[in-house]
Amino acid sequence: MRDGQAAGTAKMNILFVMYDQLRFDYLSCAGHPHLETPNFDRVAARGVRFTNAYVQSPICGASRMSIYTGRYVSSHGAAWNNYPLRVGEQTLGDHLRRAGMGCWLIGKTHMQPDFEGMERLGIDPDSRIGRRQAECGFDVWIRDDGLWGEGPDGFYDAKTSPYNAYLKSKGYPAENPWSTFANAGLHEDGEIASGWMFENADKPANIREEDSETPWLTREAMGFIDQAEGPWCAHVSYIKPHWPYIVPAPYHDIYGPEHVLPATRHECERAAPHPLLAAWMETKVSEAFQDEDVRRKVIPAYMGLVKQCDDQLGVLLDHLEATGQAENTMIVLTSDHGDYLGDHWLGEKDLFHDPSVKIPLILCDPRPEADATRGTTCDALVESIDLAATFIETAGGAVPEHIVEGRSLLPWLRGERPDWREFAISEYYYSSTGQCVALGVSQADARLFMVFDGRYKLIHAEGGFRPMLYDLETDPEEFHDLGESDAHAEIRARLYTHLASWGRRMSQRVTRSDAQIEAARDASGRKGILPFLVDGSEVPGELTAKFRGPAGRSYLVGEGEGA
């Protein structure tokens, strides 16, 4: 358990909690008028809530790989769900263990191992290094990615489910109780009312609340804390409020249709939409969320899932305090992306409107250095890759800037005003989607890029499409696409300049740090490599000392052997 940890140190712990598909604005501290989240608010009151935090891709796997590596999607290459993270890509576990902090997983990563790369390099998947390579660098307390769908071709996830094993141990009589009980209700005739069907979202899941996914993972997290020897980083990664949208009693009817906010959408968005936006509006999930009857059923269930997450966060926070670890544990609350829920005539995530690409981010550092910022908000442009740098610095390590592309948030927690980024970037690679086919786009061109400078948001699409542009100061709802506006040509040009500078960044020189390069500069001369000299006087005499003095013997042609 203490591998890579410095015994006897008094370093901080990090409780890194992630909620899957949690919108930035579905918290009471973020202004939701109906949803009460006192425990998220409790952490925000003790720390800093970042109000402009953006993920590096609005899709689960790519976003998480950026968070875990601290690198942009085009740097680490795991651009879609189930794309393997290549062997050798350094992650939080590598960086934190090097700094003397253990790094543990409790829940979901959505990481796909690069087994082909491991085989090529002769890495045994059952060895310690092999297990870490297969688990995104984490040591695993328990992993469950939480989507145990099963169809004609078998299970969506080939791994075993610890959560299903738990349900079976509790007596739930099914081969896949995740599907039959945890994510399904009951029809009046006793038939399964699957959570996959939106019409069932208002039914209570057919499971005891304490056995549902969120409380189960909370208990696993507390079990880890009870035996952990610090310093540690515990990544507690919940599957909820991700779909299926169904929640156990009493959370299924805390909220009703009267608590559903009007969809943030406008008819002008459908009048002459950008081809890409039109393609996503025509997906099955978007068409479902365009139906108000669906929204009136699904959104109260989503809110119930968020409320259950908040209650279980309170359990976890209370346990941290009861065990005396709150005073030396940084708490981080965030998400991997949002959920449209019908906004902009869309469902799911995928594109770059704020409901999809913007995330909640709350950091609470208990150290005195952060006292001045407690209970405040920060509107700096934050990228999710900043968490890796923040954690490394919290562990006492030096951020390897040639590898980690994010920046530490600790200066903001200390009330400082660091020189900060001018723009945030997010990427979306959609070659694996039906929209790629529908739009007639090649796999190489199925790429979108967002550049946001805090006011203007530019979306660039490869494949010959025009850009999209939104002015969030005059149009915070992102209704009016200015991508063809003559009046905004200079704005688009400026944002394209930002995108170009980002595209030229140094991202693959990961085996030599800046310090190593500086230390090696001109070092070859001190090791006898002295090309291009005229007479040697150009360099200090000590560098040429080995090349001066009597030879001792001549082997020149025509010279005597004893010359």
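This structure is a prediction, so every number in the text was calculated from the model and none was measured. What's counted below: heavy atoms across the whole structure, side chains too, no hydrogens, waters or symmetry copies.
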Original post:
Gln312 and side chain to side chain donor-acceptor pair (under 3.5 Å): which partner among Thr218, Thr214, Asn39?
Top reply: Thr218
All N/O donor-acceptor pairs, side-chain side in residues 434-443, below 3.5 Å, sequence neighbours left out:
from, atom 1, to, atom 2, distance (Å)
Ser442, OG, Asp445, N, 3.2

Original post:
Within the side chain of Asp41, is there an N or O that forms a donor-acceptor pair under 3.5 Å with the backbone of Cys29?
Top reply: yes
**OP:** Tell me, yes or no, whether the heavy-atom count around Glu258 atom CD, taken from other residues, nucleotides or ligands under 6.0 Å, exceeds 12.
**Re:** yes
Subject >> Carboxylate-amine/guanidinium contact Arg86 Glu89, below 4.0 Å >> reply: yes
Subject >> Validation row: His187, Asn200 side chains within 4.5 angstrom (heavy atoms) >> reply: yes
Original post:
Considering residues, nucleotides and ligands other than Glu36, do more than 12 of their heavy atoms fall under 6.0 Å from its CD?
Top reply: no
Subject >> Distance-only side-chain donor-acceptor flag, Ser127 / Arg132, under 3.5 Å >> reply: no
**OP:** Before accepting this row, confirm whether a basic side-chain N of the pair Glu292/Arg265 lies closer than 4.0 Å to the acidic partner's carboxylate O.
**Re:** yes
Original post:
If you measure from the Lys or Arg side-chain nitrogens to the Asp or Glu carboxylate oxygens, is any gap between Asp145 and Lys108 under 4.0 Å?
Top reply: no
Original post:
Does a side chain donor of either Tyr429 or Ser57 reach within less than 3.5 Å of an acceptor in the other side chain?
Top reply: no
Original post:
Regarding Tyr245 and Asn183, is there a side-chain donor-to-acceptor distance under 3.5 Å anywhere?
Top reply: no
Original post:
Does a side-chain N-to-carboxylate-O contact under 4.0 Å join Arg23 and Asp343?
Top reply: yes
Original post:
Judged by atom type as modelled, is there a donor-acceptor pair below 3.5 Å linking the side chain of Tyr26 to the main-chain atoms of Met303?
Top reply: no
Original post:
Without hydrogens or angle criteria, can the side chains of Ser431 and Arg447 be said to hold a donor-acceptor pair below 3.5 Å?
Top reply: no
**OP:** Could you point out which residue of Trp141, Trp104, Tyr68 forms a side chain to side chain donor-acceptor pair (under 3.5 Å) with His235?
**Re:** Tyr68
Original post:
Distance only, no hydrogens: is a donor on one side chain within 3.5 Å (strictly under) of an acceptor on the other, for Asp350 and Trp280?
Top reply: yes
Subject >> Pairs touching residues 113-122 that satisfy side-chain hydrogen bond (donor to acceptor under 3.5 Å, both in side chains), sequence neighbours left out >> reply: none
**OP:** Could you walk me through whether Arg219 and Tyr166 pass side chain to side chain donor-acceptor pair (under 3.5 Å), step by step?
**Re:** CA-CA 12 Å; Arg219 291 192 296 272; Tyr166 164 79; 2.9 Å; yes
Subject >> Ionic contact status for Asp202 with Arg296, cut-off 4.0 Å >> reply: no
Subject >> Ion pair Glu213/Lys240, N-O distance below 4.0 Å >> reply: yes
**OP:** May I ask you to check if Lys457 and Phe452 form a cation-pi contact, with NZ or CZ under 6.0 angstrom from the six-membered ring centre and within 45° of the axis?
**Re:** yes
**OP:** Tell me yes or no: between the side chains of His344 and Thr264, is some donor less than 3.5 Å from an acceptor?
**Re:** no
